[in-house]
> 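Sharing a structure with you now.
Keep in mind that what you see is a predicted model, and the values were worked out from it rather than measured. Letters go in sequence order (proteins before strands), and every chain restarts at 1.
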2 protein chains.
Amino acid sequence: MTSASVQNYLKAIYQLQENSETVTTTALAQHLDISAASATNMIKKLARLKLVRHSPYHGVELTTAGEKMALEVLRHHRLIELFLAEALDVPWELVHAEAEKIEHVISEDLEDRIANFLGDPERDPHGDPIPTKAGTVERPEYQSLLDVGAGQSAVIQRVSDQNPEHLKHFSKLGLIPDATVDVLSREPFDGPLRVRVASGREHTLDETLARAIWVTPTVEKKAYRAKSKSHV
Amino acid sequence: MTSASVQNYLKAIYQLQENSETVTTTALAQHLDISAASATNMIKKLARLKLVRHSPYHGVELTTAGEKMALEVLRHHRLIELFLAEALDVPWELVHAEAEKIEHVISEDLEDRIANFLGDPERDPHGDPIPTKAGTVERPEYQSLLDVGAGQSAVIQRVSDQNPEHLKHFSKLGLIPDATVDVLSREPFDGPLRVRVASGREHTLDETLARAIWVTPTVEKKAYRAKSKSHV
DNA sequence: TAAAAAATTTAGCCGCGACTAAATTTAGTT
DNA sequence: AACTAAATTTAGTCGCGGCTAAATTTTTTA
């Protein structure tokens with residue numbers, strides 16, 4: 001039986017690995033809100049368990065076994081998020097915190113029943129892909145809303161679930177997965193972004209907020225022109 | 001924040017108090033499957049927290065505060081049991097083990113949503129009363145199936161959820177809450193009991209099994225005669 | 001009622017997963 | 001290349017909630 005702590009560390013390492021190749025002790029400690037010394041301790045334990053490779057002073061990396069465990073926890077987490085939203089109408093910004101605790105205590109059997117209830121879904125309410133039972137995940141390459149040029153449209157695919165306040169705000173603004181946004185303007189130097197949502201309402205998003213939204217740009221005339229230009 | 005351990009101790013003490021006035025260290029230790037020394041340790045901690053009164057060498061008793069907490073845990077437990085059975089079709093004999101873990105990690109908000117989803121139910125799938133949010137519980141006085149005389153009928157009100165094997169067996173036999181059973185015969189010296197269920201099938205129950213089933217006798221001619229006799 | 005048995009508590013230990021303070025290694029200057 | 005700053009690890013501690021062995025109290029029995 002692997003403890004909730006071990007599961008949380010593996011999950012955190014997995015998520016940090018999604019952004020940067022190598023995961024540092026400090027990044028891990030910050031992500032989990034613990035001291036760096038505590039992180040080192042646990043890293044050594046995980047290395048003993050062959051769940052991570054530790055290159056002292058240089059970082060940590062999941063082994064195949066470690067990644068498998070991380071994906072199991074993530075599967076639990078995301079299934080539970082979706083289940084709470086669907087079955088109990090738990091609001092978007094609350095499902096993460098609730099799933100964070102429940103993910104460690106459900107049985108395989110209950111996991112299967114939840115997945116079945118939901119029809120083996122592929123995404124959680126924030127647009128994060130749900131790992132399969134077999135231990136595989138999609139790794140779609142989305143673009144940050146920050147990097148969408150003025151005049152372009154994009155479809156929201158994923159919204160980071162790290163900050164409940166942000167999520168609450170996003171849902172109020174209609175910035176949820178599958179929604180289309182038009183980027184109206186962009187201030188220089190990572191300044192705020194002006195967007196219009198499907199309802200026609202316009203909103204301003206600062207850098208931090210825009211960075212939490214991941215999109216695929218919609219293909220439209222402007223984009224085509226830009227593309228043909230670059231070919232000349 | 002009170003730990004899962006503390007919650008489990010309080011719940012165990014509450015349940016033991018339902019049967020015997022005073023709860024001994026040994027009974028508590030056996031119920032929780034830990035050593036008596038560990039139980040003493042925790043009892044002293046609970047006494048410091050003013051959740052129990054401890055009379056050394058003589059036993060332990062919940063304070064008002066302790067009972068309130070025990071009932072909160074029990075409410076979680078029983079709501080979760082019913083929810084898993086209703087929403088996910090988790091079989092009768094499995095909901096207890098699952099609820100045993102989840103009960104410690106759900107928020108008040110989730111508790112409320114589950115209760116609402118279920119329509120503020122009064123009983124869990126085994127017939128145990130669900131404590132109210134306010135911290136009150138029904139304490140129905142049922143009779144053990146063991147004490148029903150041959151020739152009498154009874155309606156099952158509650159089945160002890162302590163043993164999943166027994167539960168599985170009971171459900172196969174149709175011995176579930178609200179079912180009617182006719183007691184056909186009873187061997188002396190706590191010997192086995194012969195019963196007929198609504199479907200017409202007949203089954204034999206040994207003492208341990210019969211002790212786990214709680215009923216209210218149905219009022220029929222024999223019972224009336226007995227009653228009028230005692231008035232003479 | 002005294003001795004034996006059973007129950008309970010005390011004393012001391014352990015693993016887990018946090019922590020701080022201090023030592024060490026690495027990376028970034030100048 | 002040497003010095004400094006930052007990152008990381010080591011050393012040592014703590015609370016939690018288990019444990020065993022030994023001491024103590026209560027209960028039972030002879």
Side-chain angles (χ1 to χ4, degrees), chain A residues 1-17 19-62 66 69-70 73 100-101 103-105, chain B residues 1-17 19-62 66 69-70 73 100-101 103-105:
Chain A
M1 217 49 229
T2 104
S3 71
S5 278
V6 166
Q7 292 179 6
N8 280 333
Y9 273 91
L10 294 174
K11 192 174 54 150
I13 296 170
Y14 181 89
Q15 287 172 328
L16 291 168
Q17 273 187 354
N19 301 325
S20 51
E21 283 310 302
T22 168
V23 174
T24 66
T25 301
T26 306
L28 186 54
Q30 275 170 4
H31 190 93
L32 293 171
D33 197 25
I34 55 171
S35 72
S38 299
T40 299
N41 262 338
M42 181 57 94
I43 287 169
K44 289 169 74 179
K45 174 181 178 168
L46 296 177
R48 275 199 307 278
L49 294 172
K50 298 269 164 68
L51 296 172
V52 303
R53 273 179 296 279
H54 185 208
S55 150
Y57 292 100
H58 291 290
V60 72
E61 196 185 7
L62 291 176
M69 274 196 183
V73 182
E100 203 73 4
K101 297 172 293 172
E103 65 188 9
H104 305 297
V105 300
Chain B
M1 216 48 227
T2 106
S3 71
S5 279
V6 166
Q7 292 178 8
N8 280 332
Y9 273 91
L10 294 174
K11 191 173 51 151
I13 296 169
Y14 182 90
Q15 286 172 329
L16 291 168
Q17 273 187 353
N19 301 325
S20 51
E21 283 309 303
T22 166
V23 175
T24 66
T25 301
T26 305
L28 186 54
Q30 274 170 5
H31 190 93
L32 293 171
D33 197 26
I34 55 172
S35 72
S38 299
T40 300
N41 262 336
M42 181 57 95
I43 287 170
K44 288 170 72 179
K45 175 181 177 168
L46 295 177
R48 273 200 308 277
L49 293 172
K50 299 267 163 69
L51 297 172
V52 303
R53 271 179 296 278
H54 184 209
S55 149
Y57 292 101
H58 291 289
V60 71
E61 195 186 8
L62 291 175
M69 274 197 183
V73 181
E100 204 71 5
K101 297 173 294 172
E103 65 189 9
H104 305 296
V105 300

> Using the closest heavy atom to pick a nucleotide of DNA chain C for each, name whichever of A/P56 or A/M42 lands nearer the 5' end.
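Of the two residues, A/M42 wins.
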> Rounding to a whole Å, what distance do you find between B/R48:CZ and C/dT9:P?
14 Å
> Out of curiosity, B/H104 NE2 to B/N8 CG, how far, rounded to the nearest 0.5 Å?
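The CG atom of B/N8 is 3.5 Å from NE2 of B/H104, to the nearest 0.5 Å.
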> Sort me out a list of protein N/O and nucleotides 3-7 of chain C N/O pairs below 3.5 Å, or just none if empty.
none

> Using atom CD1 of B/I43 as one end and atom P of D/dG17 as the other, report the distance to the nearest whole Å.
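After rounding, the gap between these two atoms is 14 Å.
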> For residues 3-15 of chain B, pull every pair meeting salt bridge (charged side-chain N to carboxylate O under 4.0 Å, His left out), keeping only residues two or more places apart or in separate chains.
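Residue pairs with at least one partner in residues 3-15 of chain B: B/K11-B/E100, B/K11-B/E103.
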> Less than 4.0 angstrom between a side-chain N/O of A/K44 and OP1 or OP2 of D/dT9, yes or no?
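No, no such contact exists.
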> Is any side-chain N or O of B/H58 closer than 4.0 Å to OP1 or OP2 of D/dT25?
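False: B/H58 side-chain N/O out of range (4.0 Å or more) of D/dT25 OP1/OP2.
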> Using the side chain to side chain contact (heavy atoms under 4.5 Å, CB included) rule, take A/L51 and A/V6 through it: C-alpha gap first, then chi angles, then the decisive distance, then the call.
CA-CA 10 Å; A/L51 296 172; A/V6 166; 4.2 Å; yes
> Look up atom CD in A/Q30 and atom OG1 in A/T24, then write down how far apart they are to the nearest 0.5 Å.
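Going from CD on A/Q30 over to OG1 on A/T24, the span is 7.5 Å.
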> Might you point out which heavy atoms bring B/L32 and B/A12 nearest each other, and give the distance in Å?
CD2-CB, 3.8 Å
> Over all heavy atoms of both residues, which pair between B/H31 and B/L16 is shortest? Give the atoms and the distance, please.
ND1-CD2, 3.9 Å
> Can you name the side chain to side chain donor-acceptor pair (under 3.5 Å) partners of A/S35, sequence neighbours left out?
A/S38
> Can you tell me if B/Q7 uses its side chain to pair, donor with acceptor, with the backbone of B/T2 under 3.5 Å?
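Answer holds: yes.
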> Which atom pair, heavy atoms only, marks the closest approach of A/L62 to A/A70?
CD1-CB, 4.2 Å
> Counting only heavy atoms and a strict 4.0 angstrom limit, can you tell me which residues of residues 2-16 of chain B come near DNA chain D?
B/S3, B/S5, B/Y9
> Report the distance from atom CG of A/L28 to atom CE of A/M42, rounding to the nearest 0.5 Å.
9.5 Å
> Residues from residues 31-41 of chain B sitting under 4.0 Å of DNA chain D, heavy atoms only?
B/I34, B/S35, B/A37, B/S38, B/N41
> Considering only residues two or more places apart or on different chains, which pairs with a residue in residues 38-55 of chain A satisfy salt bridge (charged side-chain N to carboxylate O under 4.0 Å, His left out)?
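Non-adjacent pairs meeting salt bridge (charged side-chain N to carboxylate O under 4.0 Å, His left out): A/R53-A/E61.
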